[in-house]
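For reference, the structure is listed below as structure tokens.
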Amino acid sequence: MKYSEISHFSHAHNLKFEYAEAPFKCDGCKEAGIGSRYKCGGACNFDLHTHCAVPSPSISHPFYTKCAFQFMSRPPGAVARYCNACQKDVAGFVYHCRLCGFDLHPCCAKLPMTIDDGDIKLYLYKKVSAACHRCGRKGRSWSYRSSSKKYNLHVACVKEMLVDSWHEIYYGARDTGSSIKVEGGIPSLRSTLQTHNHKKSSKGKVEKCCEVAGLALQFVISAVLGDPTTLIVALVGNLMSK
């Protein structure tokens, strides 16, 4: 459920719902975001994913049928924790199962089980035996896999690719004074992948990644960044290093 304005325990001022093309770093979970968010109207530069701003007090997940995840404003205990979905560090808001000790970033907990872009369907798996088309490894994190089983992308790899590729494109365009090409309000992630993979020695791997991008990667990225209903329009820059 979305509200036009909310008060939130983590911030002194009211937060207003907005949709913006510019990416942001969520001040709740400390992860990157895009599209829908709750933002402080003042000069605080405070943003929250909708999942972090209006969280469910508790959730269940089909991958962990015996777990009861509780929303927490900070990771429990003094030991460093990581998200069981993307294998990235947990630095802020988290869903935690006290019984099993599992943790999920709020956006990872809300990843859609199925993504359908009209041409191809991708399904979220806890583990797959096939190698990821980005890193070439098996396992590692949750993955989106096509129904044809030709394409497999780790959630962790999508996050890494966004930060690495967009940082390079963003600063490269800024240094040359050029603009980022956006067609019809939807950017071509094909160029993003080509930029990220141009140093790869395997031409086949680049072609496979570009093919994935042309089919469904835009939707995977939107889901990973917290808004499965939107497509990426802006570049993320060096969000994770703030």
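Here the structure is a predicted model, which is why all the values come from computation and not from measurement.
To the nearest 0.5 angstrom, Cys86 atom SG is 12.0 Å from His154 atom NE2. Atoms NZ and CD1, from Lys121 and Ile115 in turn, are 12.5 Å apart once rounded to the nearest 0.5 Å. In this structure, CG on Asn45 lies 9.0 Å from SG on Cys40, to the nearest 0.5 angstrom. Here Met113 contributes atom CE and Leu111 contributes atom CG; the two are 9.0 Å apart, rounded to the nearest 0.5 Å. Taking CD1 of Ile6 as the start and OG1 of Thr50 as the end, the distance is 9.5 Å to the nearest 0.5 Å. Atom SG of Cys107 sits about 3.5 Å away from atom NE2 of His49, to the nearest 0.5 Å.
A single hydrophobic cluster is not seen to contain both Val128 and Tyr144; linkage of ILVMFWY side chains at heavy-atom distances under 4.5 Å, directly or through other members, places them apart. Cluster membership for Met72 and Phe9, using ILVMFWY side-chain heavy atoms within less than 4.5 angstrom, is not shared. Residues Tyr125 and Val224 fall into different hydrophobic clusters, defined by Ile, Leu, Val, Met, Phe, Trp and Tyr side chains chained together at heavy-atom separations under 4.5 Å.
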Item to check | Criterion side-chain contact (heavy atoms from CB on, under 4.5 Å) on Cys132 and Arg137, from CA distance to verdict | outcome: CA-CA 6 Å; Cys132 171; Arg137 289 183 286 170; 5.9 Å; no

Item to check | Leu15 vs Leu48, side-chain contact (heavy atoms from CB on, under 4.5 Å): CA-CA, chis, key distance, verdict | outcome: CA-CA 9 Å; Leu15 306 176; Leu48 291 177; 3.6 Å; yes

Next on the checklist: What verdict does the side-chain contact (heavy atoms from CB on, under 4.5 Å) test give for Ser56 and Tyr95, after you've listed the backbone C-alpha separation in whole Å, the side-chain angles of each residue and the deciding distance to 0.1 Å?
Outcome noted: CA-CA 9 Å; Ser56 303; Tyr95 281 103; 3.9 Å; yes

Item to check | Check against side-chain contact (heavy atoms from CB on, under 4.5 Å), Cys44 and His13 | outcome: CA-CA 9 Å; Cys44 300; His13 307 137; 3.3 Å; yes

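Minimum interatomic distance between Cys26 and Cys29 (heavy atoms only, all atoms of both residues): SG-N, 3.6 Å. Scanning all heavy atoms of the two residues, the minimum distance from Ser73 to Phe93 falls at O-CD2, 3.3 Å. When all heavy atoms are compared, the tightest approach of Pro106 to Phe71 is CG-CE1, 4.4 Å. Between Cys83 and Val90, the shortest heavy-atom distance links the atoms N-CG2, 3.5 Å. Considering every non-hydrogen atom in both Ala53 and Tyr38, the closest pair reads CB-CD1, 3.4 Å. Closest non-hydrogen pair, Ala85 versus Ser141, comes out as O-CB, 3.2 Å.
In summary, Arg37 and Glu18 engage in a salt bridge, as defined by a charged side-chain N under 4.0 Å from a carboxylate O.
A donor-acceptor pair under 3.5 Å links the side-chain atoms of Lys30 to the main chain of Asp27, judged by distance alone. The closest donor-acceptor contact from the side chain of His8 to the backbone of Cys52 lies under 3.5 Å. Using modelled atom types, no side-chain atom of His61 and backbone atom of Phe69 make a donor-acceptor pair closer than 3.5 Å. Put simply, the side chain of Asn84 gets close to the backbone of Asp103: a donor and an acceptor are under 3.5 Å apart. Within the 3.5 Å criterion, the main-chain N or O of Val94 finds no donor-acceptor partner in the side chain of Arg81. For Tyr64 (side chain) and Phe102 (main-chain N/O), no donor-acceptor pair under 3.5 Å exists by modelled atom type. Side chain of Asn152 to backbone of Ala130: a donor-acceptor contact under 3.5 angstrom is found.
Residue Lys16 qualifies as open at atom NZ: its count of foreign heavy atoms under 6.0 Å is 12 or below.
Separation of the Phe17 and Tyr3 ring centroids does not fall under the 6.0 Å cut-off. Taking the six-membered ring for Trp and the full ring otherwise, the centers of His105 and Trp142 sit at least 6.0 Å from each other. Ring centers of Tyr151 and Tyr123: at least 6.0 Å apart, outside the cut-off.
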